[in-house]
Protein chains: 2
Amino acid sequence: MSTSVDLVYEQVRQMAANFEFKPAERINESELSKQLGASRTPLREAMNRLTAEGLLMFEPGRGFFCQPLTPELVVHLYEIREALETAAIRAAVERASDDDIAILRQFLTDTADRYADGTPTKEIVRLDEEFHLMIAGLSGNPELVNMIKLTYERIRYVRWIAMRERIDITHAAHLHIFEALENRDSQAAEERMRTHIKTHNAEATEIVGKAYSNLYVPQH
Amino acid sequence: MSTSVDLVYEQVRQMAANFEFKPAERINESELSKQLGASRTPLREAMNRLTAEGLLMFEPGRGFFCQPLTPELVVHLYEIREALETAAIRAAVERASDDDIAILRQFLTDTADRYADGTPTKEIVRLDEEFHLMIAGLSGNPELVNMIKLTYERIRYVRWIAMRERIDITHAAHLHIFEALENRDSQAAEERMRTHIKTHNAEATEIVGKAYSNLYVPQH
DNA sequence: ACCCCATATTCTGTATACAATTCCGCATCC
DNA sequence: GGATGCGGAATTGTATACAGAATATGGGGT
């Protein structure tokens with residue numbers, strides 16, 4: 001039941017996923033531990049986990065740093081998403097039961113309105129992730145689900161930015177993907193998923209690229 | 001900086017990857033830390049990292065456990081390998097320079113004999129991993145390379161077992177894959193890689209399933 | 001024999017202390 | 001002016017102590 005490390009872990013994870021640290025910022029352990037109301041020992045344990053998950057960096061003797069999101073990293077993580085999620089949906093087409101598919105359809109109809117009624121973007125991103133993770137779950141491969149989750153953590157912030165301009169068409173894209181799954185059309189499902197992710201990749205990369213060029217405008 | 005954590009980390013990683021812990025065994029921190037000549041603090045930091053990487057399990061209040069390799073887990077990890085490595089070789093076909101390809105060919109010719117001259121299996125597995133990671137590297141996606149590496153860590157022991165009966169045909173399979181890459185034939189490269197990994201998946205799973213209890217006898 | 005509960009023991013979870021290292025400002029030198 | 005070296009302060013790395021939870025132990029009741 002003891003949980004100080006888990007609490008700290010969740011808090012720091014949130015902070016990292018929501019980019020409350022400045023990119024490449026060095027994280028002061030004493031300060032952060034005070035802020036979180038724990039000592040350095042559990043904090044360091046949590047940060048070690050997060051480093052292994054790719055949310056932080058670590059340099060021996062210098063400490064922990066925020067892992068900056070560069071345009072290259074975004075491209076790379078979206079490529080990984082594409083690989084993992086196309087594999088997942090292929091497996092899902094093979095392995096999902098009709099009941100599973102019915103549940104997924106229910107989820108889509110239940111949440112359809114949310115994409116148009118001014119629900120906060122943060123919540124939309126959550127629904128979006130949930131849909132993708134439900135499909136991943138139908139692959140029957142929990143390790144795969146876990147890897148996809150970890151990848152999401154690392155790009156959640158940029159997805160949040162990108163989603164603000166995409167909310168309207170996201171649900172349609174999901175429905176399109178779902179229908180291929182429902183028809184047990186493996187090739188279509190994979191291809192639609194790939195296209196979906198590639199589209200978001202392009203947008204997210206553009207956004208991060210813009211943010212970067214804004215940061216580095218030379219001053220005269 | 002001497003970094004006891006990194007030393008301990010590497011040692012425990014080796015122990016986990018080589019299955020020197022019994023499956024699902026609870027790991028006694030004090031004992032292991034004495035054995036490794038460090039205190040519990042760096043040991044726990046290392047084990048937290050390894051837990052995030054999937055080599056160990058953690059239960060709050062109960063400590064760290066060896067993550068057992070079940071047949072299901074092997075299937076799942078090979079599916080992930082398949083997804084990641086087919087994506088990697090597709091990217092490699094697009095992005096590798098002619099020089100990169102020449103280096104890869106050199107590697108294959110340099111190491112060809114090793115697969116037939118009684119080189120220890122452990123070394124063959126290393127060469128096998130190196131070939132696959134070179135291709136992954138040509139994808140230009142270091143995050144992808146890293147995920148593939150982590151997946152290898154988790155199945156290295158079973159690959160070692162499986163490889164003992166496969167050494168002769170492995171090099172031929174690699175050459176076959178390489179030639180598709182050399183010809184810039186994306187579809188053939190992907191399909192050959194997929195078949196290669198699927199074959200190993202089937203074998204590895206069979207081995208783990210058959211000899212589940214015998215798998216964990218200490219090796220020499 | 002078996003189960004249950006109280007107690008003892010072991011082990012984990014966290015705080016803290018201190019050593020080792022890096023960082024930073026400042027003076028010095030070229 | 002820029003590079004270099006040298007304290008001193010700040011920060012990380014690791015050991016250790018101790019509280020509390022989990023587990024093992026043992027005895028008494030059924």
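First the proteins, then the strands, lettered A, B, ... as listed; each starts at 1.
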Next on the checklist: Please evaluate residues A:Ser139 and A:Asn141 with respect to the criterion side chain to side chain donor-acceptor pair (under 3.5 Å), reporting the C-alpha separation (whole Å), side-chain torsions for both, the decisive distance (0.1 Å), and the verdict.
Outcome noted: CA-CA 5 Å; A:Ser139 74; A:Asn141 186 335; 5.5 Å; no
pair [X]-[Y]: side-chain heavy atoms closer than 4.5 Å:
X        : Y        : answer
A:Lys149 : A:His132 : no
A:Leu77  : A:Val74  : no
B:Leu43  : B:Leu36  : yes

Checklist entry - Is a donor-acceptor pair below 3.5 Å formed from side chain B:Ser30 to base C:dT12, judging by atom type as modelled? => result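 No pair found.
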Ion pair present between [X] and [Y], side-chain N to carboxylate O less than 4.0 angstrom?
X        : Y        : value
A:Glu206 : A:Lys210 : yes
A:Arg126 : A:Glu130 : yes
A:Arg194 : A:Glu190 : yes
B:Arg95  : A:Glu79  : yes

Item to check | Option among A:Phe107, A:Phe131, A:Tyr115 that satisfies the ring-ring contact (aromatic ring centres under 6.0 Å, His included) test with A:His171 | outcome: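 Running ring-ring contact (aromatic ring centres under 6.0 Å, His included) over A:Phe107, A:Phe131, A:Tyr115 with A:His171 returns exactly one hit, A:Tyr115.
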Checklist entry - Are any of B:Thr41's side-chain N or O atoms less than 4.0 Å away from OP1 or OP2 of D:dT14? => result no
Checklist entry - Within the pair B:Arg44 and C:dG13, is there a side-chain N or O less than 4.0 Å away from OP1 or OP2? => result yes
Checklist entry - NE2 of A:His196 to CG of A:Asn201: how many Å apart, nearest 0.5 Å? => result 12.0 Å
Next on the checklist: What is the separation between atom CZ on B:Arg49 and atom P on D:dG13, rounded to the nearest whole Å?
Outcome noted: 10 Å
Item to check | No-hydrogen, no-angle side-chain donor-acceptor test under 3.5 Å, B:Asp100 and B:Ser97 | outcome: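 A donor-acceptor contact under 3.5 Å links the two side chains.
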Checklist entry - Base, sugar-phosphate alone, or nothing: which one does A:Leu43 contact when heavy atoms must sit under 4.0 Å apart? => result nothing
Checklist entry - Which is true for A:Phe64 with a 4.0 Å heavy-atom rule: it touches a base, it touches only sugar-phosphate, or it touches nothing? => result nothing
Item to check | Inter-axis angle, terminal five-pair segments of the helix from C:dA1-D:dT30 to C:dC30-D:dG1 [nearest 10°] | outcome: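 It works out to 30° between the end axes.
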Short N/O separations, protein against nucleotides 5-10 of chain D, under 3.5 angstrom:
none

Checklist entry - Which comes earlier along DNA chain D counting from the 5' end, the contact point of B:Arg40 or that of B:Glu45, where each point is its nearest nucleotide? => result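 Counting from the 5' end, the first nearest nucleotide belongs to B:Glu45.
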Checklist entry - Which nucleotide, D:dT12, C:dA15, D:dT14, lies nearest any side-chain atom of A:Glu29? => result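 Given the options D:dT12, C:dA15, D:dT14, the side chain of A:Glu29 is closest to D:dT12.
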Between protein and nucleic acid, restricted to nucleotides 23-25 of chain D and to nitrogen or oxygen atoms under 3.5 Å apart, what atom pairs and distances do you find?
{"unit_1": "D:dT23", "atom_1": "OP1", "unit_2": "B:Arg62", "atom_2": "NH1", "d": "2.1"}

